[in-house]
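Okay, structure first, notes after.
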Amino acid sequence: MRTETSTAAAFVTRLLRAAGGIGEEQLRCFRECLQEALREHYKHHWFPTTPTKGSGYRCIRINHQMDPLIGKAAAMIGLSHERLFQLLPSELTLWVDPFEVSYRIGEDGSICVLYENPQPGAKASKPLESRNSCKEKWRTGRSSPSESYNMMTVSS
């Protein structure tokens, strides 16, 4: 659980860092507070032998309401919900499951894997490097609507 919660907390912290205006010490404190809040919240809802069990409980969601775990960590560094809504995507889903952490920005965005480790005894999946990497797209500033998005221009 440590790696998964650490990955999730680091991702949200990177989103805040990218938005700017928050000091490194505050970001470090936020990351640590969020990581601890996630571990405590998931303590009795972590099932490595059946990773999908409890996945809804472990879903972090921002969708016109701030996820309480993110809100709690932000309050520890003096950030209000209003400020968080300015800094974070208005629609963010983050799934923190045993052996995998993934996210989606927007309702129609691609699901991107941040961390994946094969479940013990399971078949090895494709290495992340061989997949279309949403993480790289996020880093380079490209948005995540579907790749087949076509733009039509009209001229007079």
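From a predicted model like this one, the values you see are computed outputs, not experimental measurements.
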Evaluate the side chain to side chain contact (heavy atoms under 4.5 Å, CB included) criterion for residues Thr13 and Phe11: first the C-alpha distance (whole Å), next the side-chain angles of each, then the deciding distance (0.1 Å), finally the verdict. CA-CA 5 Å; Thr13 302; Phe11 175 70; over 6 Å; no
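Judged purely by atom type and a 3.5 angstrom limit, Arg39 has no side-chain atom pairing as donor or acceptor with the backbone of His41. Looking only at distances, no side-chain donor or acceptor of Tyr57 sits under 3.5 Å from a matching main-chain atom of Tyr42. For the pair Gln26 (side chain) and Ile77 (backbone), a donor-acceptor distance under 3.5 Å is present. Between the side chain of Glu116 and the backbone N or O of Phe99 there is no donor-acceptor pair closer than 3.5 Å.
Summarising the local packing, CE of Met66 is surrounded by more than 12 heavy atoms from other residues, nucleotides or ligands at distances under 6.0 Å.
Within the structure, every pair that satisfies the side-chain hydrogen bond (donor to acceptor under 3.5 Å, both in side chains) test and touches residues 43-53, not counting sequence neighbours, is listed here: Glu40-Lys43.
Nearest approach of Ala8 to Leu94, heavy atoms of both residues: CB-CD2, 3.8 Å. Of all non-hydrogen atoms in Thr5 and Val96, the two that sit nearest each other are N-CG1, 4.4 Å. Considering all non-hydrogen atoms of both residues, Arg31 and Ala9 come closest at O-CB, 3.7 Å.
Residues Leu87 and Leu15 form no side-chain contact, since every pair of their non-hydrogen atoms from C-beta on lies 4.5 Å or further apart. Counting heavy atoms from C-beta outward, Trp95 and Val101 have side chains that stay 4.5 Å or more apart.
Ion pair Glu107/Arg61 flagged as a salt bridge, since at least one NZ, NE, NH1 or NH2 atom sits closer than 4.0 Å to an Asp/Glu carboxylate oxygen.
Looking at residues two or more places apart in sequence or on another chain, you find a side chain to side chain contact (heavy atoms under 4.5 Å, CB included) between Glu24 and Arg17, Leu27.
You'll find the ring centres of His64 and Phe85 outside the 6.0 Å limit.
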